[in-house]
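Below is one structure, written out as structure tokens; comments come after it.
The structure displayed is predicted, hence computed values, not measured ones. Computed from heavy atoms alone, side chains included, the values below leave out hydrogens, waters and symmetry copies. FYI, the numbering just counts along the sequence from 1.
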Amino acid sequence: MRVTQSMLASNSLSYLSKSYEKLGMYQDQLSSGKKITKPSQDPVVAMKGVQYRSNLNDIQQYKRNLSEVYLWMDNSEAGIEQTNNALQRVRELLIQGKNGTLSEDDKQAIGEEIGQLKESVMGIANTQVGGRYIFNGTSVDQPPVTEGNPPVSTINTDPYEVQVSPGVKLQASVNGENVFSSEMFQTLQNIEDTLNGAEDLDMDELLSDLDGNIETMSAERSELGARYNRLEMIETRIDQQEVMSSRVLSENEDIDIERVITDLKTQESVHRAALGVGARIIQPTLLDFLR
């Protein structure tokens, strides 16, 4: 086959064009830090990237869900702690009120303080986090306790659950009935009324009822602590999954900078050599002599 000057020139320009294309590819990789900038460059890398990124997004959403559960549990723990302190104070006042040497005015003063503690416990029961009542199960838009003598407890015991990993939901709420039950508020009301003289109930029985309420609340607090420990274990596992997913995604999409810089330098040398060879192949024309 006869090779003409035009064929040599055409092939030389074609190779130079491909060389420019490679130079552009390496420069794009260094600028973006990614192996590809469009799916057509490597469909396999692009397809795997979509899958890995979707998995990483799911894990990050689970981490946001975990933060919500932590918020609920931390506030629930704080609410139970405050309620326990209030009931312990009521217990101290009740024992003090049983002292036969107290005057009626002294008992009324104790009864008034217990009334204030009762109102405080009602306020704790209606604690809101992000505009949602945390002690009313799934009825997050309704207060669990309303005004009354005693306060009226209408607590929804259905657990408020949040998905924290694929196929796993964790209860974020506590059973409010075990903390702010109608019986507990009735006991507080009976203690207040007895000390104020409105009722004449046996204080030893009232003390026993109050101790029973405190014990039930302590059991619910222990159950919350067990779920908190499980939540921490789930968080540790999800953190590990996030690290692994991020590494796999990086290995699939991110470039090896040192290698790309080396390839770019090599391609620059090849390109300069190609330019030199092309200059020898493409012979001068008559116009070049007339300049």
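- Residues L71 and L66 share a single hydrophobic cluster, defined by chaining ILVMFWY side chains whose heavy atoms lie under 4.5 Å apart.
- Partner S139 forms a side chain to side chain donor-acceptor pair (under 3.5 Å) with one of T157, N156, D158 and no other, that one being N156.
- Residues P150 and Q189 share a closest heavy-atom pair of CA-OE1, 3.5 Å.
- A donor-acceptor pair under 3.5 Å links the side-chain atoms of N136 to the main chain of Q142, judged by distance alone.
- Of all heavy-atom pairs between S173 and Y160, the closest is OG-N, 3.0 Å.
- With sequence neighbours left out, A46 forms a side-chain contact (heavy atoms from CB on, under 4.5 Å) with I36, P39.
- Under the side chain to side chain donor-acceptor pair (under 3.5 Å) criterion, D211 pairs with R91, not counting sequence neighbours.
- Annotation for P159 and Q171: closest pair CB-CD, 3.4 Å, computed over non-hydrogen atoms.
- For Q51 and N55, the side-chain atoms include no donor-acceptor pair closer than 3.5 Å.
- Here the closest heavy-atom approach between residue M203 and residue L94 is recorded as O-CD2, 4.1 Å.
- Side chain of S153 to backbone of F180: a donor-acceptor contact under 3.5 angstrom is found.
- Electrostatic pairing of E68 and R132 counts as a salt bridge here, judged by a charged N lying under 4.0 Å from a carboxylate O.
- Judged by distance alone, the side chain of N84 and the main-chain N or O of I80 form no donor-acceptor pair under 3.5 Å.
- Counted by atom type alone, Q61 and R64 present one or more donor-acceptor pairs between their side chains at under 3.5 Å.
- K34 has a carboxylate O that lies under 4.0 Å from a charged side-chain N of D254, or vice versa, which qualifies the two as a salt bridge.
- In this structure, S120 contributes its side chain and Q116 its backbone to no donor-acceptor pair below 3.5 Å.
- A side-chain contact (heavy atoms from CB on, under 4.5 Å) with T83 is found for exactly one of I214, N213, I124, namely I124.
- Judged purely by distance below 3.5 Å, without hydrogens or angles, the side chains of Y228 and D74 pair a donor atom with an acceptor atom.
- Between D106 and S103, the side chains place a donor N or O and an acceptor N or O closer than 3.5 Å (distance only, hydrogens not considered).
- When all heavy atoms of E253 and R53 are compared, the closest pair comes out as OE1-NH2, 2.6 Å.
- Side-chain atoms of Y70 and E235 form a donor-acceptor pair, as typed in the model, at a separation below 3.5 Å.
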